[in-house]
Amino acid sequence: EQVYSALRQHTNCQWFFVMYPQEAFALRALEKKYGLSPAKIVPLCGLCGELPQLLAELTIYPAINHLADLQIWQDHAQQLGRQLPAILQV
């Protein structure tokens with residue numbers, strides 16, 4: 001918590017890579033706690049079984065690791081009628 005808030009308040013770091021979506025959710029909560037603007041947060045495991053609605057709502061960019069995640073993410077974007085950002089992990 002202290003490292004994240006210090007990086008956000010005292011540097012221009014805007015991209016954060018975490019392993020799991022739950023960690024991304026925790027960082028979003030810290031942003032609210034400290035009144036910080038949203039950073040770009042990427043869970044490297046992709047969707048990891050999380051609902052795409054939650055990631056999209058919190059503007060979390062999943063790393064797309066396999067075609068199943070890509071299809072789920074694209075389907076959700078189509079339901080919303082807009083593009084959803086993601087990161088391709090090769």
Side-chain angles (χ1 to χ4, degrees):
E1 178 176 334
Q2 292 174 346
V3 172
Y4 181 71
S5 62
L7 280 172
R8 292 298 314 283
Q9 291 172 347
H10 304 294
T11 72
N12 196 24
C13 187
Q14 291 297 313
W15 285 90
F16 293 88
F17 295 85
V18 296
M19 190 64 201
Y20 300 105
Q22 295 80 4
E23 295 166 322
F25 304 153
L27 293 182
R28 283 287 183 251
L30 288 176
E31 290 170 346
K32 286 185 180 181
K33 179 179 177 179
Y34 291 102
L36 302 169
S37 62
K40 294 169 179 70
I41 304 173
V42 181
L44 294 174
C45 75
L47 298 177
C48 296
E50 290 294 334
L51 296 173
Q53 298 89 333
L54 187 54
L55 277 77
E57 179 183 320
L58 294 174
T59 317
I60 294 171
Y61 307 91
I64 301 298
N65 301 314
H66 48 83
L67 292 176
D69 274 0
L70 178 61
Q71 188 63 56
I72 291 168
W73 197 240
Q74 286 179 322
D75 289 348
H76 186 62
Q78 188 173 26
Q79 289 174 356
L80 294 175
R82 62 183 173 96
Q83 292 183 340
L84 292 174
I87 303 294
L88 177 63
Q89 183 175 349
V90 187

Between CG of Leu47 and CD1 of Ile60, what distance do you get to the nearest 0.5 Å? 11.0 Å

Worked verdict on Arg28 versus Thr59 for side-chain hydrogen bond (donor to acceptor under 3.5 Å, both in side chains): CA-CA 9 Å; Arg28 283 287 183 251; Thr59 317; 5.3 Å; no

Decide whether Ile87 and Leu55 are clustered together by the hydrophobic rule: side chain heavy atoms of Ile, Leu, Val, Met, Phe, Trp, Tyr closer than 4.5 Å, transitively. no

Any link between Leu88 and Tyr61 through a network of hydrophobic side chains (Ile, Leu, Val, Met, Phe, Trp, Tyr) touching at under 4.5 Å? no

Testing the basics here: between Arg8 and Ser37, what is the closest heavy-atom pair and its distance to 0.1 Å? NH2-O, 2.5 Å

Can you give me the closest heavy-atom contact between Pro62 and Val42, atom names plus distance? C-CG1, 4.4 Å

Within the structure provided, determine whether Cys45 and Pro21 are in side-chain contact (heavy-atom separation under 4.5 Å). yes

Is the number of heavy atoms from other residues, nucleotides or ligands under 6.0 Å of Tyr20 OH greater than 12? no

According to a 4.5 Å side-chain heavy-atom criterion applied to Ile, Leu, Val, Met, Phe, Trp and Tyr, with indirect links allowed, do Ile64 and Leu44 form part of one hydrophobic cluster? no

Reported CG-to-CZ distance for the pair Leu58 and Phe25, which is rounded to 0.5 angstrom: 6.0 Å

Give me the one residue out of Gln71, Gln79, Gln78 that meets side-chain hydrogen bond (donor to acceptor under 3.5 Å, both in side chains) with Asp75. Gln71

Which pair of heavy atoms, one from Pro38 and one from Gln14, lies closest together, and at what distance? O-OE1, 4.1 Å

Check this for me: Gln9, atom CD, are more than 12 non-hydrogen atoms of other residues, nucleotides or ligands nearer than 6.0 Å? yes

Between Trp73 and Pro52 the two heavy atoms that sit nearest each other are CZ3-O, 3.6 Å

Evaluate the ring planes of Trp15 and Phe17, with Trp represented by its six-membered ring, and classify them as parallel (under 30°), tilted (30 to 60°) or perpendicular (over 60°). parallel

Can you tell if the side chain of Gln89 reaches within under 4.5 Å of the side chain of Asp69, non-hydrogen atoms only? no

Transitively linked via ILVMFWY side-chain contacts under 4.5 Å: Leu30 with Met19? no

Check the angle between the aromatic planes of Phe16 and Tyr4 and answer parallel, tilted or perpendicular using the 30° and 60° thresholds. perpendicular

More than 12 heavy atoms of other groups within 6.0 Å of Gln22 CD: yes

For residues Leu80 and Ala56, report the shortest heavy-atom separation together with the two atoms involved. CD1-CB, 4.3 Å

Under the side-chain contact (heavy atoms from CB on, under 4.5 Å) rule, what do Glu31 and Ile41 come out as? Steps first, then yes or no, please. CA-CA 11 Å; Glu31 290 170 346; Ile41 304 173; 4.0 Å; yes

So, for Ala24 and Val18, which heavy atoms are closest and what is the spacing to 0.1 Å? N-CG2, 3.9 Å

